[in-house]
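Numbered from 1 within each chain, the chains take letters A, B, ... in sequence-line order. Because the structure is a prediction, the values reported are computed rather than measured.
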Amino acid sequence: MKHSAIKDCLQLKKKYDEEVTICGWVRTRRDSKKFSFIELNDGTCFASIQVIADAEIETYQNVLDASTGSSLQVTGILKESPGKGQKVEVHAQKVELLGIADSDYPLQKKRHSREFLRTIAHLRTRTNTFGAVFRVRHAASFAVNQFFNERGFVYLHTPIITASDCEGAGQMFRVSTLDALKPPLNDEKQVDYTQDFFGEETSLTVSGQLEAELFASALSKVYTFGPTFRAENSNTPRHLAEFWMIEPEMAFCDLQGNMDLAEEFIRYVITYILENCKEDMEFFNKWVEKGIIDSLQDLCKSDFERITYTEAIKALENAKKSFEYPVKWGMDIQTEHERYLTEEYLKKPVFVTDYPRDIKAFYMRVNDDEKTVAAMDLLVPRLGEIIGGSQREERLDVLKKNMEKHELDEATYSWYLDIRRYGTTPHAGFGLGFERLIMYLTGIENIRDVIPFPRTPGNAKF
RNA sequence: UGUCCAGUAGCUCAGUGGUAGAGCGUUUGGCUGUUAACCAAGUGGUCGUAGGUUCGAAUCCUACCUGGACAGCCA
C-alpha cells in the first residue's frame, strides 16, 4: 500500500495541490449535509490531519460509515486550509474504509483517566498522551544508543537468564521447566534443581552489571540496555516487575568519572528530546506537567550538585523540618529525605556519594576511611532516585572480605573474582531506570504509563 | 507487604437510610468551512462481590476483590 505519512503531509514535504494517499485512524468526524470533516491520525506525529470529503464523491458512504476509531485510506489533494485550526488539509477524492470500529469503541474524543486507559493498554496508544509517550520513548532509546556510540562504548547484550543469585538487587523470578506441582526432590527433600533445564537453579536477571564488569575488563567501555526483572512486591508509581535498565561500565574509571558520565548522559538525552520531540513535549508542557520544558532547559545549563552522604546527613539534621524517620549517620536515606534534598534544599539534581558501607552492596569500593564506599545515587526533583552507581571494588582481598560479610559463596562468583586476579583495574558504572528517565522527560507521574504493557504485582495482561 | 482513599450507565462523576441521576459517548433526525462543533429526541444500571444491621441499604457494619495514593524495597 503506497501512502504518505501524515507527518510528511503536515510538514509540507508534500506540496500544495499535490495528490497524496494517507492512511490512519479516525479520531473524530463532523458531518454536514454537503460534506464531512475527518480528523485522521496515523501516529507518525502528534497532530492529526483534517480530511474534507464532499458528499458528491463516489465513496461518500464510506465516510458516513467511518466511526471514531475506524481505519481509512484516503486519496486526495493537499490544500491550504481556510479554516482556523490547521494550515493543511486533504480534499478527499477517494475514501476507502479499511476497518470499521464498532460503536462500543472505548476511546472518546474527550479526556480519559490514566487508570481507565491502563485497562485498555492495547488501545491507549491511539490517544494523544500515549502516542506522545511512546514516540518520546523511542527517541530517548535512540539517543541512549547514540550517546554511548559517540563515546566509544560497546553495546553489550547480557543474559536474561542467570544462575548468579544474591546480587543484592532484590527478589528474583525463578526460571524452571520442572513440574511445578510435583518437582523432583533430593535426599534432603528439597527441590532437586540438578534435574532442571540448566542443571541448577536459575532466575531472570536483576542486573547485567556483573557481566558488564567482565566485558569492561576487555573492551574498556561497555553498556547494557535491556529488560530487567525484580520480583519485589512493590506497589508504587515508580516500580515495575519488568523494566528496562541502562548500565554503563568503564574500566580505568573512578567515581568522579562515573558521575561526569551520568551527568553528561542525562543532559544529552534531554537535549535530544527537546530538539527532536518538540510537538510531543509541548503537549506534555501544556497538559501533563506545566513548565517542564523550561525546567529541563534550565537543567541543561547548570551543573548538578555533588554532596557526600555525610554532608547530606548534616543538611538533614539542620533542616527546619521534622521527618518521620529520624536522621542519623549510618541510616538509609528515606524518600522524605531525598525529596527534601533535591526539591527543597538544593532544588536541582544532586549526586549523593560515599554512603556507609554497611548499607550498600558488596561490590562497591571501600574508601580509605573504611567506613564508607565509593557509591553514588542521583536524586532528581519529582522522582527521587533515578541512578544508582559506584566505583567497583577492584582489590581481590578486600572484595573477598566483603563477600564474606554479605555471606556470598565465593565459588558461585569465581568468574567475577577472576577479573580481580588477572589484570584488575579501577572501574566504575551505574544503573539507570529507563522508565524513570521517561517519566522525568515527560512529566508522567506513574511508571505504568511510560512502558507499553506494564508488569506489576498481580498484573501481566496483554 | 503495611496504612489511607475510592469502586454507582461505555467514560467522568453527583446522590450519605425512603421510587436510580447528570454531563459526555453511542443511536436517529436537523443545521453549519467544521474543529472538545451546535440543536432536538432516543439509548443506557445485579450501585465491585458476599454476608450482616434495619420495616426499608447505593448510603451503616464486617470480610474479600479491584484500582489509586503514601511508606518499605529499588532503577
Side-chain angles (χ1 to χ4, degrees), chain A residues 27-40 47-54 64 67-69 79 81-86 89 91 101-120 123 127-128 167-171 206-209 224-225 227-247 262 287 323-325 332-339 359-361 377-380 383-389 430-440 445-451 456-459 461:
Chain A
R27 281 290 173 84
T28 183
R29 197 186 83 222
R30 297 175 290 274
D31 303 318
S32 78
K33 209 177 246 170
K34 292 174 184 166
F35 43 81
S36 290
F37 294 100
I38 297 168
E39 297 290 334
L40 202 66
S48 303
I49 198 164
Q50 174 164 284
V51 173
I52 176 164
D54 198 284
L64 296 180
S67 51
T68 305
K79 291 273 189 189
S81 176
K84 273 183 184 168
Q86 62 283 318
E89 64 187 17
H91 289 225
D102 290 350
S103 63
D104 59 357
Y105 182 68
L107 293 173
Q108 301 171 19
K109 194 174 183 175
K110 66 166 196 170
R111 241 184 99 125
H112 288 288
S113 69
R114 303 268 160 71
E115 289 79 13
F116 168 67
L117 291 171
R118 236 169 265 152
T119 68
I120 50 164
L123 294 171
T127 63
N128 285 337
E167 286 173 21
Q171 285 292 113
V206 292
S207 164
Q209 181 201 316
T224 74
F225 182 6
T228 310
F229 308 87
R230 307 256 167 109
E232 301 290 345
N233 194 2
S234 298
N235 289 292
T236 81
R238 57 185 190 284
H239 287 88
L240 289 166
E242 177 183 281
F243 64 100
W244 286 64
M245 187 152 65
I246 296 153
E247 295 177 287
W287 296 106
F323 295 110
E324 194 186 332
Y325 290 83
D332 240 326
I333 292 185
Q334 305 295 328
T335 299
E336 56 173 344
H337 305 134
E338 288 180 355
R339 293 194 77 112
I359 58 172
K360 287 289 182 180
D377 284 352
L378 178 63
L379 312 179
V380 296
L383 282 187
E385 187 175 343
I386 194 169
I387 283 178
F430 61 81
L432 178 144
F434 186 56
E435 285 75 19
R436 289 189 182 172
L437 180 63
I438 304 300
M439 291 167 78
Y440 194 57
E445 286 179 319
N446 194 310
I447 200 165
R448 292 159 217 169
D449 297 328
V450 296
I451 190 166
T456 51
N459 192 353
K461 280 195 198 77

Whole angstrom value for the distance that separates [atom2] of [N] from [atom1] of [X]:
{"X": "A/Q108", "N": "B/rG44", "atom1": "CD", "atom2": "P", "result": "18 Å"}
{"X": "A/E435", "N": "B/rA75", "atom1": "CD", "atom2": "C1'", "result": "9 Å"}
{"X": "A/F116", "N": "B/rA9", "atom1": "CZ", "atom2": "C1'", "result": "13 Å"}
{"X": "A/Q171", "N": "B/rC74", "atom1": "CD", "atom2": "P", "result": "12 Å"}
{"X": "A/L64", "N": "B/rG30", "atom1": "CG", "atom2": "P", "result": "12 Å"}
{"X": "A/I447", "N": "B/rC74", "atom1": "CD1", "atom2": "C1'", "result": "10 Å"}
{"X": "A/I49", "N": "B/rU35", "atom1": "CD1", "atom2": "C1'", "result": "14 Å"}
{"X": "A/W244", "N": "B/rA75", "atom1": "CH2", "atom2": "P", "result": "18 Å"}

Mate of B/rU3 where both pairing distances stay under 3.5 Å, Watson-Crick or G-U: B/rA69
Return the pairing partner of B/rC38 with a 3.5 Å limit on both distances, Watson-Crick or G-U wobble; otherwise return none. B/rG30
Distance, [atom1] atom - from [M] to [N], rounded to whole angstrom:
{"N": "B/rC5", "M": "B/rA63", "atom1": "P", "answer": "13 Å"}
{"N": "B/rG45", "M": "B/rG21", "atom1": "C1'", "answer": "11 Å"}
{"N": "B/rC24", "M": "B/rA40", "atom1": "P", "answer": "10 Å"}
{"N": "B/rU46", "M": "B/rC55", "atom1": "C1'", "answer": "23 Å"}
{"N": "B/rC70", "M": "B/rA58", "atom1": "C1'", "answer": "28 Å"}
{"N": "B/rG72", "M": "B/rA14", "atom1": "P", "answer": "31 Å"}
{"N": "B/rG42", "M": "B/rG29", "atom1": "P", "answer": "16 Å"}

Detail all sub-3.5 Å separations between protein N/O atoms and N/O atoms belonging to nucleotides 63-71 of chain B.
unit_1, atom_1, unit_2, atom_2, d
B/rG68, OP1, A/R118, NH1, 2.5
B/rG68, OP1, A/R448, NH1, 2.7
B/rG68, OP2, A/R448, NH1, 3.0
B/rA69, OP1, A/N446, ND2, 3.1
B/rC70, N4, A/N235, O, 3.3
B/rA71, O2', A/Y325, OH, 3.3
B/rA71, N6, A/N235, O, 3.4

Judged by nearest nucleotide, the residue sitting upstream toward the 5' end of RNA chain B, A/T68 or A/S113, is A/S113
Closest nucleotide of RNA chain B for A/H112 versus for A/G83: which of these residues is on the 5' side? A/H112
Stacking of A/F243 on B/rA75 base (centres under 5.5 Å, planes under 30°): yes
Just checking [X]: base, sugar-phosphate only, or nothing, at a heavy-atom cut-off of under 4.0 Å?
{"X": "A/L107", "result": "nothing"}
{"X": "A/K84", "result": "base"}
{"X": "A/I246", "result": "nothing"}
{"X": "A/F430", "result": "nothing"}

Kindly say whether A/A53 contributes a backbone atom to a donor-acceptor pair with the side chain of A/S36 at under 3.5 angstrom? no
Counting distance only, does the side-chain N/O of A/R238 pair as donor-acceptor with the main-chain N or O of A/R436 below 3.5 Å? no
Indicate the ring-plane relationship of A/F37 and A/F35, choosing parallel, tilted or perpendicular according to the 30° and 60° boundaries. perpendicular
At less than 3.5 Å, do the side-chain atoms of A/Q86 and the base atoms of B/rU34 form a donor-acceptor pair? yes
Determine whether a donor-acceptor pair (one donor, one acceptor, N or O, separation below 3.5 Å) exists between the side chain of A/R30 and the base of B/rC31. no
Consider the side chain of A/K33, meaning its heavy atoms from C-beta on, and name the nucleotide among B/rA75, B/rG33, B/rG30 that approaches it most closely. B/rG30
